[in-house]
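See structure below.
Heavy-atom basis, side chains included; hydrogens, waters and symmetry copies ignored. Positions are given from 1 along the sequence.
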Amino acid sequence: MKSFLLRNGTPIIRWGSLPDNVFYEGVVPEGFDLAVSPSNNYVIIDVDVKNGKNGFIHMPMKILDELALTFHYPTKSGGEHYFVNYTGDKTLINKSTQFGLDLRIGAKKGNAGGYVKYHHNVDIRQCIPLIKETSENLNKWLEALFS
C-alpha cells in the first residue's frame, strides 16, 4: 500500500513511481484529499452509487455478505470501498465497468494500477490487518468482471 495527496482529484506527485509502504502522514491540508493505492495482492473494489449507477444491485448477496467482513468504508456518494487480499491465480486488471463496479489494483508491469480517495478516519496502515483474504466464490466473481 501507499498513500499520497490529491488536489482536484489529481495526484500532486508521480504516484506510480512512489515505492510501496510510503505513506502520507499528518493532517490533510484544506483543498486536498488523501489517496490510497493497493500493492501486492491487495485490491480495492469500488462500488459506485452515482451518475445513474448503483453497483450494489449488480452484486450477489453472497458477495456482499463476504465483503461486509473485510475492511471497508462508505464513499461520499453513498458507495463503498472494499479492501480484499486476492487469493486467486488470474491476473486482475485496473478497470471500471458499466455496472458501477470498479477494481483498483496496485501498479504492475504493463498496468499503471489505480487508487481511491481515502475518506476514512483511521490511518490505512492500522487497517491492513482487517483486510480479509478472498474466498473461491469471491475470486470467481472478481475474475469474471476484472480479468
Side-chain angles (χ1 to χ4, degrees), residues 1-60 63-88 90-134 138-139 141-147:
M1 299 269 181
K2 55 185 148 187
S3 64
F4 47 91
L5 291 177
L6 305 172
R7 177 182 266 169
N8 299 320
T10 302
I12 64 168
I13 59 166
R14 294 179 53 95
W15 72 274
S17 60
L18 187 68
D20 287 336
N21 299 314
V22 172
F23 298 93
Y24 177 81
E25 294 189 356
V27 176
V28 175
E30 182 86 23
F32 291 83
D33 290 301
L34 187 62
V36 169
S37 178
S39 60
N40 301 322
N41 290 331
Y42 293 113
V43 299
I44 304 168
I45 303 164
D46 179 3
V47 182
D48 290 327
V49 179
K50 62 183 179 183
N51 302 327
K53 296 180 183 178
N54 182 344
F56 291 110
I57 64 174
H58 298 285
M59 300 176 74
I63 298 299
L64 284 168
D65 288 344
E66 183 172 345
L67 291 175
L69 301 176
T70 193
F71 172 64
H72 64 281
Y73 59 88
T75 64
K76 287 188 174 183
S77 66
E80 201 81 20
H81 287 160
Y82 295 98
F83 290 63
V84 294
N85 186 355
Y86 174 65
T87 61
K90 296 220 169 66
T91 300
L92 300 178
I93 57 174
N94 188 59
K95 180 180 173 184
S96 297
T97 70
Q98 65 187 12
F99 307 113
L101 298 168
D102 308 331
L103 190 71
R104 299 296 173 239
I105 65 170
K108 295 182 179 171
K109 189 174 184 177
N111 188 327
Y115 59 85
V116 296
K117 286 184 181 178
Y118 188 72
H119 293 290
H120 189 59
N121 59 357
V122 177
D123 187 307
I124 186 62
R125 292 172 285 190
Q126 295 175 335
C127 299
I128 290 172
L130 304 174
I131 299 173
K132 305 295 184 197
E133 290 187 340
T134 54
L138 181 51
N139 287 343
W141 183 79
L142 286 168
E143 291 160 0
L145 283 171
F146 303 108
S147 66

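The aromatic rings of F56 and Y82 sit perpendicular, their planes meeting at an angle over 60°, well past the 30° parallel limit. Classified by interplanar angle (parallel below 30°, tilted 30° to 60°, perpendicular above 60°), the ring pair Y118/F71 is tilted.
The main-chain N or O of Y24 is found under 3.5 Å from a side-chain atom of S3 such that the two form a donor-acceptor pair. Side-chain N or O atoms of K95 include one that pairs as donor or acceptor with a backbone N or O of L145 at under 3.5 Å. Judged by distance alone, the side chain of D123 and the main-chain N or O of R125 form a donor-acceptor pair under 3.5 Å.
Judged purely by distance below 3.5 Å, without hydrogens or angles, the side chains of N139 and T87 pair a donor atom with an acceptor atom. Side-chain N/O atoms of Y86 and E143 include a donor and acceptor closer than 3.5 Å.
Taking the side chain as every heavy atom from C-beta outward, L6 and I12 never approach each other to under 4.5 Å. Proximity of P74 to H120: side-chain heavy atoms (C-beta onward) are nowhere separated by under 4.5 Å. By the 4.5 Å heavy-atom criterion applied to side chains, D48 and L101 are not counted as neighbours. M1 places none of its side-chain heavy atoms less than 4.5 Å from the side chain of D20. Counting only heavy atoms from C-beta outward, the side chains of S37 and L18 never approach each other to under 4.5 Å. Within the 4.5 Å cutoff, no side-chain heavy atoms of L103 are placed close to those of D46. Counting heavy atoms from C-beta outward, L67 and M59 have side chains that approach closer than 4.5 Å. Counting only heavy atoms from C-beta outward, the side chains of P38 and F83 never approach each other to under 4.5 Å.
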* Asked: Taking it one step at a time, do Y73 and V116 satisfy side chain to side chain contact (heavy atoms under 4.5 Å, CB included)?
  -> CA-CA 12 Å; Y73 59 88; V116 296; 3.7 Å; yes
* Passes side chain to side chain contact (heavy atoms under 4.5 Å, CB included), F99 versus N54? Steps please. -> CA-CA 7 Å; F99 307 113; N54 182 344; over 6 Å; no
* **Residue pair R104, S96: steps toward the side chain to side chain contact (heavy atoms under 4.5 Å, CB included) verdict** => CA-CA 9 Å; R104 299 296 173 239; S96 297; 3.2 Å; yes
* To do: Could you check F23 against F4 for ring-ring contact (aromatic ring centres under 6.0 Å, His included), going step by step and ending with a plain yes or no?
  => CA-CA 7 Å; F23 298 93; F4 47 91; over 10 Å; no
* Criterion side chain to side chain contact (heavy atoms under 4.5 Å, CB included) on L142 and I45, from CA distance to verdict -> CA-CA 9 Å; L142 286 168; I45 303 164; 3.7 Å; yes
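Of the residues T134, I105, I131, the one that meets the side chain to side chain contact (heavy atoms under 4.5 Å, CB included) test with V43 is I105.
Across all non-hydrogen atoms, the minimal contact from W15 to G114 is CH2-N, 3.6 Å. Scanning both residues, C127 and V122, for their nearest heavy atoms gives SG-CG1, 3.7 Å. Across every non-hydrogen atom of G9 and Y115, the tightest pair is O-OH, 3.4 Å. Of all heavy-atom pairs spanning N21 and K2, the tightest one is N-CB, 4.4 Å.
Atoms NE2 and CG, on H81 and D102 in that order, are 8.0 Å from each other to the nearest 0.5 Å. For the atom pair E66 CD and L69 CG, the distance stands at 7.5 Å (nearest 0.5 Å).
D33 has a carboxylate O that lies under 4.0 Å from a charged side-chain N of K117, or vice versa, which qualifies the two as a salt bridge.
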